[in-house]
Novice: 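Take this structure first; my questions come after.
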Amino acid sequence: MTDASALPGQPRGGTLSGPATARAVNVLAPNASAMTLDGTNTWIVAEPDSDLAVVIDPGPLDDGHLRNVVDTAEKAGKRIALTLLTHGHPDHAEGAARFAELTGTRVRALDPALRLGDEGLAAGDVVTVGGLELRVVPTPGHTADSLSFHLPADRAVLTGDTILGRGTTVVAHPDGRLGDYLDSLRRLRSLTVDDGVHTVLPGHGPVLEDAQGAVEFYLAHRAHRLAQVETAVEDGHRTPAEVVAHVYADVDRSLWPAAELSVRAQLDYLSEHGLI
């Protein structure tokens, strides 16, 4: 049995659904898979004494799940007043339009195609609802439209797929770019150093109690993988599929298609920097 405190980011044990901080409650979507881990984390965020709440990432188009999110908020005496998206992948955003129907809310996102209403989201925006404050942090790399949300009152950050509660994420080439992703990780690290963020509320997997440790692990992991890919190319493995078979030999083969996306992003990065 592994001690969770020894794992990157110190993942919190126990059930994933339920209260995570004073202001954030997770409702786990029933879409577990190799790519989504236990399922998508749909976050209900609100000030404890407010009757208004924000939902981040309604998740897949699953009516039972979407209604469960509404019921969970209502049982806590909250009315959902706004829906936000960390990015547009279907496991996070496919249910947003239906959720907007159920709640009568606007949907705000970086990508205009995902918005319902006039307002989008951009770097530096501060979302306020019922006294709650969420600061928009641009974290492209997993996808071009990826955002995180800084919840200063809980010293927490909601990271979507930029940082997961377990394992590492995919740089989804060609939309995702490794250089952007590394910059985003450094931006999140600055939140841990300069703004006191210590909790990661991820899009999949358990809550992480050591945000800085999680970011440092991700940066080290990316540097290690990049070095492995560079070496693989030097050893004659030229195509992305060949590099995956060589570098990710110890990874479940069902994950190789996702790994190939990251490898393509890494090859682009190495080429852009004149390293291959």
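Numbering starts at 1 and runs along the sequence shown. All of these numbers come straight from a predicted model, not from anything done at the bench.
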Novice: Determine whether L219 and Y269 fall in the same hydrophobic cluster, where Ile, Leu, Val, Met, Phe, Trp and Tyr are linked whenever their side-chain heavy atoms lie under 4.5 Å apart.
Specialist: yes
Novice: Taking side chain to side chain contact (heavy atoms under 4.5 Å, CB included) as the criterion, tell me which of V126, I56, D125, T128 meets it with L134.
Specialist: I56
Novice: Give every donor-acceptor pair under 3.5 Å between a side-chain atom in residues 202-216 and any protein atom, sequence neighbours left out.
Specialist:
unit_1, atom_1, unit_2, atom_2, d
H204, ND1, T36, O, 3.0
H204, ND1, G39, O, 3.0
H204, NE2, D91, OD2, 3.0
H204, NE2, H92, NE2, 3.0
H204, NE2, D161, OD1, 3.2
E209, OE2, R12, NE, 2.6
E209, OE2, R12, NH2, 3.1
D210, OD1, G213, N, 3.0
E216, OE1, R189, NH1, 3.4

Novice: Transitively linked via ILVMFWY side-chain contacts under 4.5 Å: V171 with L270?
Specialist: yes
Novice: So, does H246 use its side chain to make a donor-acceptor pair with the main chain of D235 at under 3.5 Å?
Specialist: no
Novice: Determine yes or no for a side-chain-to-main-chain donor-acceptor pair under 3.5 angstrom, with R108 supplying the side chain and G120 the backbone.
Specialist: yes
Novice: To the nearest 0.5 angstrom, please state how far the CZ atom of F217 sits from the CZ atom of R222.
Specialist: 10.0 Å
Novice: Evaluate the salt bridge (charged side-chain N to carboxylate O under 4.0 Å, His left out) criterion for residues K78 and D51: first the C-alpha distance (whole Å), next the side-chain angles of each, then the deciding distance (0.1 Å), finally the verdict.
Specialist: CA-CA 4 Å; K78 312 288 186 186; D51 62 353; over 6 Å; no
Novice: State whether the side chain of S184 and the backbone N or O of D180 hold a donor-acceptor pair below 3.5 Å, judged by distance alone.
Specialist: yes
Novice: State plainly whether one hydrophobic cluster holds both V200 and L182, where clusters connect Ile, Leu, Val, Met, Phe, Trp and Tyr through side-chain heavy atoms under 4.5 angstrom apart.
Specialist: yes
Novice: Without hydrogens or angle criteria, can the side chains of T162 and T159 be said to hold a donor-acceptor pair below 3.5 Å?
Specialist: no
Novice: When rounded to the nearest 0.5 angstrom, what is the spacing between CZ in R264 and OG1 in T239?
Specialist: 8.0 Å
Novice: Heavy atoms, side chains only, cut-off 4.5 Å: are F99 and L116 in contact?
Specialist: no
Novice: Got a donor-acceptor contact below 3.5 angstrom from the D154 side chain to the R23 backbone?
Specialist: yes
Novice: Flag the pair V233 / R238 as yes when at least one side-chain heavy-atom distance between them is below 4.5 Å, and no otherwise.
Specialist: yes
Novice: Got V27 and W43 here, is their nearest side-chain heavy-atom distance under 4.5 Å?
Specialist: no
Novice: Looking at P58 and L84, what are the two nearest heavy atoms and their distance?
Specialist: CD-O, 4.3 Å
Novice: How long is the straight-line distance from NE2 of H237 back to CD of Q228, given to the nearest 0.5 Å?
Specialist: 11.5 Å
Novice: Only pairs at least two apart or in different chains count here, so list each salt bridge (Lys or Arg N to Asp or Glu O under 4.0 Å) that has a residue in residues 193-203.
Specialist: none
Novice: Could you state the interatomic distance from NE2 (H142) to CZ (R177), rounded to the nearest 0.5 Å?
Specialist: 16.0 Å
Novice: Applying salt bridge (charged side-chain N to carboxylate O under 4.0 Å, His left out) to D71 and R67, what does each step give before you reach the verdict?
Specialist: CA-CA 6 Å; D71 290 345; R67 291 182 183 277; over 6 Å; no
Novice: Can you check whether T86 reaches F149 side chain to side chain, under 4.5 Å on heavy atoms?
Specialist: yes
Novice: Could you tell me if the side chain of V45 sits less than 4.5 Å from the side chain of L151, heavy atoms only?
Specialist: yes
Novice: Counting N and O atoms only, with roles assigned by atom type, does the side chain of E260 sit under 3.5 Å from a partner on the main chain of W256, one being a donor and the other an acceptor?
Specialist: no
Novice: So, R135 side chain and G124 main chain: donor-acceptor pair closer than 3.5 Å or not?
Specialist: no
Novice: Side-chain heavy atoms nearer than 4.5 Å, only ILVMFWY residues, links allowed to pass through others: does that put V129 and V157 together?
Specialist: no
Novice: Quick check: do L114 and D145 have side-chain heavy atoms less than 4.5 Å from each other?
Specialist: yes
Novice: Given 3.5 Å as the limit, does a donor-acceptor pair link the side chain of S50 with the main chain of A46, or not?
Specialist: no
Novice: Compare all side-chain heavy atoms of R106 with those of T83 and state whether any distance is below 4.5 angstrom.
Specialist: no
Novice: Donor-acceptor pairs under 3.5 angstrom involving side-chain atoms of residues 248-255: please list them, not counting sequence neighbours.
Specialist:
unit_1, atom_1, unit_2, atom_2, d
D252, OD1, S254, N, 2.8
D252, OD1, S254, OG, 3.0

Novice: Can you name the closest pair of heavy atoms from E242 and G236 and give their distance?
Specialist: OE1-O, 4.1 Å
Novice: Please step through side-chain contact (heavy atoms from CB on, under 4.5 Å) for the pair I276 and L267, ending with a clear verdict.
Specialist: CA-CA 8 Å; I276 58 172; L267 291 172; 4.0 Å; yes
Novice: With no hydrogens and no angle check, is any side-chain donor or acceptor of D57 less than 3.5 Å from a backbone partner on G59?
Specialist: no
Novice: Mind checking whether I163 and L191 sit in one hydrophobic cluster, side chains of I, L, V, M, F, W, Y counted as touching below 4.5 Å?
Specialist: yes
Novice: Flag yes if more than 12 heavy atoms outside R225 fall under 6.0 Å of its CZ atom; otherwise flag no.
Specialist: yes
Novice: For I44 and A73, which heavy atoms make the closest approach, and how far apart are they?
Specialist: CD1-N, 4.0 Å
Novice: So does L16 get a backbone contact from the side chain of N26, meaning a donor-acceptor N/O pair under 3.5 Å?
Specialist: yes
Novice: Quick one, L121 with R115, criterion side-chain contact (heavy atoms from CB on, under 4.5 Å). Give me CA distance, side-chain angles, the key distance, then yes/no.
Specialist: CA-CA 9 Å; L121 291 170; R115 301 171 188 169; over 6 Å; no
Novice: Walk me through it: do T139 and L188 pass the test side-chain contact (heavy atoms from CB on, under 4.5 Å)?
Specialist: CA-CA 8 Å; T139 48; L188 290 174; 4.0 Å; yes
Novice: Rounded to the nearest 0.5 Å, what separation is found between the OG atom of S17 and the CG atom of N68?
Specialist: 7.5 Å
Novice: For L110 and V136, run side-chain contact (heavy atoms from CB on, under 4.5 Å): C-alpha distance rounded to whole Å, both residues' side-chain angles, the deciding distance at 0.1 Å, then the answer.
Specialist: CA-CA 10 Å; L110 179 61; V136 178; over 6 Å; no
Novice: When rounded to the nearest 0.5 angstrom, what is the spacing between CD in E94 and CG in L66?
Specialist: 9.5 Å
Novice: Side chains of T143 and H89 only: does a donor on one sit below 3.5 Å from an acceptor on the other?
Specialist: no
Novice: Can you tell if the side chain of V69 reaches within under 4.5 Å of the side chain of V55, non-hydrogen atoms only?
Specialist: yes
